[in-house]
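Atoms within each ligand, like the ligands themselves, are counted from 1 in listed order. Residue numbers run from 1 in the order of the sequence given.
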Amino acid sequence: MKRIYLDYAATTPLDERVLRAMTPYFTEQFGNPNSLHSFGREANVAVDGARSKIAELLGAEPSEIYFTSGGTESDNWAVKGAARMNRQRGAHIITSAIEHPAVMSPCAQLEKEGFSVTYLPVGKAGIVNPDDLAAAIRPDTVLVSVMLANNEIGTIQPVKELAAIARAKKIPFHTDAVQAVGSIPVSVKDLGVDMLSLSAHKFYGPKGVGLLYIRKGLRLDKLMSGGHQERSQRAGTTNVPGVAGMAAAMEIAVSELDKNYAHIKSVRDYFVERIQNEVPHVIYNGDPVRRLPQNANFSFEFIEGESILYRLDMEGLACSSGSACSSGSLDPSHVLLAIGLIHEKAHGSIRFTFGKTTSKADAAYAVETVKKTVETLRAISPLFAEFKGGAVNV
Ligand code: PLP
């Protein structure tokens, strides 16, 4: 059976060039970079090289890059680390209503520790208004965390403007750039942020490795304590193959960004246009322009996202209802509720995310499959029957 993967926001396949860059560090050069002997020194050279390369690509200094186990750890460290470190100064945090659970959940944990959290609204387009941030800042605000690009609806936040507002008040600013890196240009210097999280598996690198950029001079409470790795700030033996893979993946992503952006956007735009023209009663969620090139999120009225997903999967089409991390829960997505969708419409939403090898023919197959699936499900939907004024046989 034909299988088409349209879930690149959940994860991406490893680029073969990345695999080749990683392979030696599993076998011949397996040393622990903290060991003083030649095996360790060899591994350490690889880690240092990766750190310098990544720093250069992000517009940072190598000493500002801290390797972690991925986006979730980086987000947790930034949010909890900055909040707890500054507890004496105040206990107020500002974030947005559409953050990934990797930021939302640490904020909820901090609320239990006595912090108060302001969740900035995003309006119908799914974008934070900088004036709302300026108005929310209090004398006791110790952290602002707003994501660069949203994982569900792909909207790109005005992080440069937001970070400037926080900086003027000397408040540390964190951004979760997990979905953005590899899709749009990302430079910490240009954005003016104090902390930035990213994760290699979102840009054709390995899973289980990421980093937190921490601007020189900013101190965070530790999340992991133990050994003296990462300049004593993040304990745990360094994932050498992972780090080497992340550097290779980032180098490829940056050098091929323009080409991939143009291709992915054209396939996505073709898909979106056809769905909007050929499937009745759909809502295109998020801002039509200020969004990642790979993201299309639709609400199909009168039917359930889970049923659509299941049937599309049977036809070989892999996509997502809400974010991969929150699927499995029956709650409607907090992101879709934040942009004003009512529960039923949020429930009927599907995220399609395209990748560098997705072809226009794949997108065409996806359109046909979605059309057929939506038609079949609506034919048995009591809500749709009610809408059309027909009898409701339930
Ligand atoms: N932040 C965002 C915006 C994400 O999309 C994800 C993963 O889906 C994460 C954080 C978590 O990253 P990781 O899977 O590396 O833990």
Side-chain angles (χ1 to χ4, degrees), residues 5-14 18 54 65-81 95-109 119 122 126-128 145-157 159 162 174-184 186 191 193 195-213 223-224 234 236 239 242-243 245-246 249-250 253 286 291-297 318-329 333-336 338-339 351-355:
Y5 185 76
L6 293 183
D7 203 10
Y8 286 87
T11 196
T12 58
L14 196 76
V18 174
I54 288 170
I65 302 296
Y66 295 83
F67 294 128
T68 67
S69 64
T72 301
E73 183 189 331
S74 299
D75 284 347
N76 268 265
W77 187 14
V79 172
K80 292 176 184 165
T95 187
S96 85
I98 60 165
E99 296 298 310
H100 188 272
V103 166
M104 284 295 192
S105 178
C107 283
Q109 233 175 307
Y119 297 90
V122 292
I127 295 178
V128 170
S145 179
V146 177
M147 70 202 319
L148 184 50
N150 183 263
N151 46 303
E152 293 189 41
I153 53 174
T155 47
I156 299 169
Q157 303 300 326
V159 164
L162 299 170
H174 166 249
T175 193
D176 172 342
V178 169
Q179 289 289 335
V181 172
S183 293
I184 54 172
V186 175
L191 291 170
V193 296
M195 291 169 280
L196 178 143
S197 307
L198 63 84
S199 179
H201 75 105
K202 305 291 185 178
F203 50 92
Y204 304 87
K207 293 171 183 54
V209 62
L211 65 85
L212 182 64
Y213 157 80
L223 191 66
M224 308 289 269
R234 193 274 185 187
N239 175 357
V243 161
M246 178 160 63
M250 199 183 287
R291 73 192 295 147
L292 294 174
Q294 69 267 32
N295 177 289
N297 187 309
C319 42
S320 154
S321 62
S323 82
C325 320
S326 57
S327 60
S329 129
S333 142
H334 68 286
V335 175
L336 299 176
I339 59 170
R351 177 187 73 183
F352 304 89
T353 43
F354 300 81

Visitor: Regarding ligand 1, does V178 bring an N or O atom to under 3.5 Å of one of the ligand's N or O atoms?
Guide: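 Not met; the criterion fails.
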
Visitor: So between A200, G71, G70, S69, whose heavy atom ends up nearest atom 12 (O) of ligand 1?
Guide: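 Residue with the shortest heavy-atom distance to the ligand atom: G71.
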
Visitor: May I ask you to test the H100-Q179 pair for a side-chain heavy-atom distance under 4.5 Å?
Guide: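 Heavy-atom side-chain distance check fails, nothing below 4.5 Å.
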
Visitor: Roughly how far, to the nearest 0.5 Å, is CH2 of W77 from OG of S69?
Guide: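 Rounded to the nearest 0.5 Å, the OG-CH2 separation comes out at 11.0 Å.
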
Visitor: Is any N or O atom of Q179, backbone or side chain, closer than 3.5 Å to an N or O atom of ligand 1?
Guide: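 There is such a contact, yes.
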
Visitor: What is the distance from atom CG of D176 to atom CE of M195, rounded to the nearest 0.5 Å?
Guide: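 Reported to 0.5 Å precision, the distance equals 12.0 Å.
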
Visitor: How far does CG of L211 sit from CE of M250, to the nearest 0.5 angstrom?
Guide: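 With rounding to 0.5 Å, CG (L211) is 5.5 Å from CE (M250).
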
Visitor: Run the side-chain hydrogen bond (donor to acceptor under 3.5 Å, both in side chains) test on Q157 and S96 for me, step by step, so that the C-alpha distance in whole Å, both residues' side-chain angles and the decisive distance to 0.1 Å come before the verdict.
Guide: CA-CA 10 Å; Q157 303 300 326; S96 85; over 6 Å; no

Visitor: My understanding is that we take every heavy atom of each candidate and find the minimum distance to atom 9 (C) of ligand 1. Doing that for E152, H100, M147, E99, which one comes out nearest?
Guide: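 Looking at heavy atoms only, H100 sits closest to atom 9 (C) of ligand 1.
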
Visitor: How many angstroms lie between CG in N151 and NZ in K202, if you round to the nearest 0.5 Å?
Guide: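 Reported value, rounded in 0.5 Å steps: 7.0 Å.
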
Visitor: Run the numbers for me: atoms of ligand 1, each under 4.0 Å from some heavy atom of N151, listed by number.
Guide: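 So the answer, numbered in order with elements, is 3 (C), 5 (O).
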
Visitor: Taking 4.0 Å as the limit for heavy-atom contacts, which would you say applies to D75 with ligand 1: side chain only, backbone only, both, or neither?
Guide: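 Looking at D75 and ligand 1, just side chain atoms fall under 4.0 Å.
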
Visitor: Under 4.0 Å from a heavy atom of T72: give me the atoms of ligand 1 that qualify, with their elements.
Guide: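 What qualifies from ligand 1 is 11 (C), 12 (O), 13 (P), 16 (O).
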
Visitor: Within ligand 1, which atoms have a heavy atom of S199 less than 4.0 Å away?
Guide: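 Once the distances to S199 are compared, the set is 13 (P), 15 (O).
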
Visitor: Kindly compute the distance separating CD1 (I153) from CD1 (I339), expressed to the nearest 0.5 Å.
Guide: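 It comes to 4.5 Å.
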
Visitor: With heavy atoms under 4.0 Å as the rule, classify the contact between K207 and ligand 1 as side chain, backbone, both or neither.
Guide: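 Neither part.
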
Visitor: Under the criterion side-chain contact (heavy atoms from CB on, under 4.5 Å), which of V146, D75, T72 is the partner of V103?
Guide: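 With V103 as partner, V146, D75, T72 yield a single side-chain contact (heavy atoms from CB on, under 4.5 Å), made by D75.
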
Visitor: Does the residue K202 have a heavy-atom contact with ligand 1, meaning some pair of atoms that are separated by less than 4.0 Å?
Guide: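 Yes, that is the case, since the closest heavy atom of the residue is under 4.0 Å from the ligand.
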
Visitor: Taking a cutoff of less than 4.0 Å between a non-hydrogen atom of the residue and any ligand atom, is H201 in contact with ligand 1?
Guide: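 The answer is yes: ligand 1 sits under 4.0 Å from a heavy atom of H201.
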
